[in-house]
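Here is the structure we will look at.
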Amino acid sequence: MSTRTESTDVVVVGGGVVGLSAAAFLAWHGVRCQVLERRARPSAHPRARGFNPRAVELLRQIGLEPAVREAGAGFADHTMRARVESLTGRELFRADLPSGGELDAISPSPWALCSQDRLEPLVRRRAEELGAAVSFGREVDHFTQDADGVTLVLRDGGRLRARYLVAADGARSRTRERLGIELKGTRALAYQLSIVFEADLRGPLGDRRFAICQVRNERVDGLLVHDDTLRQGILYIQHPERAPDHPEDRCLELVRAALGVQDLPVRILDRQTWELSALCATRYREGRAFLAGDAAHVMPPVGGFGASTGIQDAHNLAWKLGLVLRGPAGPGLLDSYEAERAPVADLTVDQCLRRVTTRTGFGPPAAGAGLIDDLTLTFGHRYRAGALAEPEPAAPPVTDPREPGGQVGTRAPHVALTRAGGSTLDLFGRSFTVLAGPGGESWTAAARSASAELGVDVAASTMTDGLVADGGAEWCRRYGVGAGGAVLVRPDGIVAWRRPHAVPDPAGELRAALRGVLRPTPTSGRS
């Protein structure tokens, strides 16, 4: 008896936050997709305990930011980073996450300090609303590729045929291993034990609310986080060798030592052991299969960069797959995924490793540590090769987001719109977008012409008082554009091309720019 073969455009292997985000972004771009997750149900372990504002910006694009804000509302004042002897002991250092005016000037989106087990159901629901199919308890046994697609055979006997595959199945990705893609970097810096516990933390916390707290005393050296109920926490303990399977009484002892209250009632809910590593895949693509998230890069858990970087991978890949599948773009556009995302991951993994080895974030920065500040590492990455009309391979890998200039390859800067709560980031989404400075009305006609000729959606807006304040002066400053000039922004909010001033043939230049993005020059991605 033959087994019916299901079909879809893209299959996503892995139903964690990156895989679900990939499905949501793909469906947002009109791509049929199917998520396969081998676990029978989502993990109840909180795992990641924060998502940076850049990741939230991307979820905002698909309408998820209000739900994310609501899920994290109880964490609004959980902004302290500190080093203590114990929660009731001496406080050795404290600092706050970037927030307030400094962050508001850069982004309309906040930190999402909710845990991964709260975010994942929101992303899954949105993915399914947009048309994605999500299946738990379905494991891939093996798969093969040919010139037209990927055929997957599942452990339950099912078969699935897809045009492309996205591997988002975690740090121990079986898909990556089957593709023969190796990892580079430092494995097993240490071994980590995560203890999820229940206790009344109101007394030990007092009026403090921690994003993360380092605890160091003669009995315990680890990191402590707590949720917004003040009744659940996670203690992360590091070991130089593989962590033993600690019995419950030993876990109770460690938690109480961290809290500093020896007779506090504590219940152990879960414990897991895992490797703390700093690794990147040597390539992000094999044929029609792509790596994303922890399958592509594993970074020490500091600063909320791990899962957030994976969400950005998924966002970068989704619009490119959409354009290739619909036809306006050539298959070379997919090569730009590695060219853009691999250097970002390499730099971010390196920076997280430096933060762990110098313990930066829980004290003054170590002199000569080569650290990039958190806001720059969050918002300031610059693509120097890939789907850009005029790439600049020699440009620095990051720019300061506090003083943006709209350079090609950078995230398009946030400028407030005249409508309440609006941002220029809200102008980007499913299509390319031309933003023109005051007096640049000719770019609107150029966008229509280029759209019709190339068969790709191109929106256009002129930055005047009807949209932004002060006649567009602030927008011009932040985008590096004068009167009559314009920028071309990709669906993922990256500046792909810029003309600071008016040009004689805006339609011709814009068509050429779009062709350069849709069919970029091949590159190794290692600039």
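From a predicted model like this one, the values you see are computed outputs, not experimental measurements.
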Side chain to side chain contact (heavy atoms under 4.5 Å, CB included) evaluation trace for Val13 with Arg174: CA-CA 10 Å; Val13 180; Arg174 298 177 184 180; over 6 Å; no

Ser21 side chain to Val17 backbone, donor-acceptor under 3.5 Å: yes

N/O donor-acceptor pair under 3.5 Å between Glu392 side chain and Val408 backbone: no

Pair Lys184-Asp346, salt bridge (Lys or Arg N to Asp or Glu O under 4.0 Å): steps then yes or no: CA-CA 10 Å; Lys184 62 181 181 180; Asp346 289 347; 3.4 Å; yes

Electrostatic pair Asp9:Arg326 at N-O distance under 4.0 angstrom: no

Asp169/Arg176 salt bridge by N-O under 4.0 Å criterion: no

Test: Arg124 and Glu37 ion pair at under 4.0 Å: no

Value rounded to 0.5 Å, distance of NE2 in His381 from OG1 in Thr348: 3.5 Å

Check: Arg478 side chain, Pro413 main-chain N or O, donor-acceptor pair, under 3.5 Å: no

Of all pairs that satisfy ring pair (Phe, Tyr, Trp, His ring centres under 6.0 Å), the ones with a partner from residues 298-330, not counting sequence neighbours: Phe25-His315, Trp319-Phe432

Side-chain touch Ile372/Leu347, heavy atoms, less than 4.5 angstrom: yes

Lys/Arg cation over aromatic Tyr164: Arg288, 6.0 Å, 45° cone: yes

Residue pair Arg402 / Asp373, side-chain heavy-atom distance below 4.5 Å: yes

Name of the residue among Val11, Val18, Leu321 meeting side-chain contact (heavy atoms from CB on, under 4.5 Å) with Val166: Leu321

Side-chain donor/acceptor of Trp111 to backbone N/O of Val56, under 3.5 Å: no

Any donor-acceptor pair under 3.5 Å from Arg178 side chain to Asp141 backbone: yes

Distance in Å, Ser173 OG paired with Ile181 CD1, rounded so as to fall on 0.5 Å steps: 8.5 Å

Ala387 backbone acceptor or donor facing Arg490 side chain under 3.5 Å: yes

Enclosure of Arg159 CZ (heavy-atom neighbours >12, cutoff 6.0 Å): no

Under-4.0 Å salt bridge between Arg477 and Asp470: no

Carboxylate-amine/guanidinium contact Arg125 Glu129, below 4.0 Å: no

Any donor-acceptor N/O pair, Ser451 side chain to Val456 backbone, under 3.5 Å: yes

Glu182 backbone acceptor or donor facing Thr282 side chain under 3.5 Å: yes

Under 3.5 Å donor-acceptor, Gln34 side chain and Thr8 backbone: no

Selection residues 445-483 - residue pairs positive for ring pair (Phe, Tyr, Trp, His ring centres under 6.0 Å), sequence neighbours left out: Trp475-Tyr479

Residues Arg54 and Ser308: side-chain donor-acceptor under 3.5 angstrom: no

Interatomic distance, Arg355 atom CZ to Met299 atom CE [nearest 0.5 angstrom]: 11.5 Å

Salt-bridge criterion met for Arg515 and Glu453 (N-O under 4.0 Å): yes

